Amino acid sequence: MLHTLRLCVLLVLFWALSAFAESPTDAALIAALREGGNVIVLRHGATFTDQADTNPLDPKDTAHQRQLNDAGKAAAKAMGDALHTLKVPVGQVTTSQFQRAVDTGTLLGFGAVTPTADISEGGLVVSPNENNRRAAALKKLAATAPAAGTNVILVTHKPNILDAFGKDWFDVREGEASIFKPDGKGGFTLVARVQAADWPKLATAN
């Protein structure tokens, strides 16, 4: 009986330590971001749910795309403000070509963004091969170490995130950030997932 009890206690401690490792404290997360070397994969901010991309073959046709709503714009700006307050260095912001991603990246306030097809949503209007290529491109970007002492932000879409990182991201929300640490060997580890509403809390926890 005593042996069984000790085993149960050890299992509980192991579970607790594992959970801690997967969910860093606010202080640890802030320190990691300030140090740099992270790739922040961000799903674009909240959008109007009654809009659709009716001309998805032309990302420049912004009039026929789903756009950020006021909450999405405010959350993107609040995330940027929090990163500035926390003195998190951001060297580059790369976005999807769709306007909701470009606007999200721009509202973060780190200067001009770089749109690319590599992390744009393809959906049913591109070939399966192209969707696979974009998933591989996003994974490669997540595994690419930023310039020393900086972080990189990639603003993309749920299908791209799900294709690149797997079923654990089936519930990724608009405005949610997944923070990855490249391992220098072509891979990466997940540091944390941060919801849009949590950035101001991190800033005040500093």
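In what follows, residues are counted from 1 in the order of the sequence shown. Here the structure is a predicted model, which means the values were calculated and not measured. FYI, side chains are in, hydrogens and waters are out, and symmetry mates aren't considered; it's all heavy atoms of this structure.
A donor-acceptor pair is defined here as one N or O able to donate and one able to accept, closer than 3.5 Å; no such pair exists between the side chain of Asp53 and the backbone of Asn55. No side-chain donor-acceptor contact under 3.5 Å links Thr114 to the backbone of Thr94. One N or O on the side chain of Gln65 and one on the backbone of Pro59 form a donor-acceptor pair closer than 3.5 Å. Side chain of Asn132 to backbone of Pro128: a donor-acceptor contact under 3.5 angstrom is found.
The minimum heavy-atom distance between Met79 and Ile40, with the atom names listed, is CE-CG2, 4.3 Å. Minimum interatomic distance between Ile119 and Val155 (heavy atoms only, all atoms of both residues): CD1-O, 3.6 Å. Considering every non-hydrogen atom in both Ser120 and Asn160, the closest pair reads O-ND2, 3.0 Å. The two residues Pro182 and Ala142 make their nearest non-hydrogen contact at CG-O, 3.5 Å. Residues Ala143 and Gly186 approach most closely at CB-O, 3.5 Å, considering heavy atoms. Here the closest non-hydrogen pair linking Thr106 and Val113 is N-CG1, 3.7 Å.
Scored by the ring pair (Phe, Tyr, Trp, His ring centres under 6.0 Å) test, Phe188 finds Phe165, Phe180 as partners (sequence neighbours excluded). By the side-chain contact (heavy atoms from CB on, under 4.5 Å) test, Ala46 pairs with Asn69, Glu174, sequence neighbours left out. Arg193 is linked by a salt bridge (Lys or Arg N to Asp or Glu O under 4.0 Å) to Asp171, Glu176, counting only residues two or more places apart in sequence or in another chain. For Ala136, there are no side-chain contact (heavy atoms from CB on, under 4.5 Å) partners, not counting sequence neighbours. Under the salt bridge (Lys or Arg N to Asp or Glu O under 4.0 Å) criterion, Lys140 pairs with no residue at all, not counting sequence neighbours. Checked against side-chain contact (heavy atoms from CB on, under 4.5 Å), Asp103 has the following partners two or more places apart in sequence or in another chain: Gln67, Leu68, Gln99. Qualifying side-chain contact (heavy atoms from CB on, under 4.5 Å) partners for Ala76, counting only residues two or more places apart in sequence or in other chains: Thr104, Leu107. Every residue two or more places apart in sequence or in another chain was checked for a salt bridge (Lys or Arg N to Asp or Glu O under 4.0 Å) with Asp168, and none qualifies. Considering only residues two or more places apart in sequence or on other chains, Phe110 meets the ring pair (Phe, Tyr, Trp, His ring centres under 6.0 Å) condition with His84. In this structure Arg133 satisfies the salt bridge (Lys or Arg N to Asp or Glu O under 4.0 Å) test together with Asp118, Glu130, sequence neighbours excluded.
Within the structure, side-chain hydrogen bond (donor to acceptor under 3.5 Å, both in side chains) contacts touching residues 141-154 (residues at least two apart or in different chains) are Asn38-Asn151.
With hydrophobic clusters built from ILVMFWY side chains whose heavy atoms lie under 4.5 angstrom apart, Leu162 does not share a cluster with Val126. When hydrophobic clusters are built by joining Ile, Leu, Val, Met, Phe, Trp and Tyr residues whose side-chain heavy atoms come closer than 4.5 Å, directly or via intermediates, Val172 is grouped together with Leu190.
Inspection of the His44 and Ser96 side chains reveals no N or O donor paired with an N or O acceptor under 3.5 Å. Side chain to side chain, Thr47 and Arg100 fail the donor-acceptor criterion of an N or O pair below 3.5 Å.
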**Report entry** Verdict with reasoning, Ile161 to Arg43, per side-chain contact (heavy atoms from CB on, under 4.5 Å)
**Finding:** CA-CA 8 Å; Ile161 294 170; Arg43 185 183 175 191; 3.9 Å; yes
Report task. Under the side-chain contact (heavy atoms from CB on, under 4.5 Å) rule, what do Val41 and Thr156 come out as? Steps first, then yes or no, please. Result -> CA-CA 7 Å; Val41 177; Thr156 185; 3.9 Å; yes
Query raised in the report: Passes side-chain contact (heavy atoms from CB on, under 4.5 Å), Val152 versus Leu141? Steps please.
Result: CA-CA 9 Å; Val152 166; Leu141 288 169; over 6 Å; no
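Applying the under-4.5 Å side-chain rule to Ile, Leu, Val, Met, Phe, Trp and Tyr, the cluster around Phe98 consists of that residue alone.
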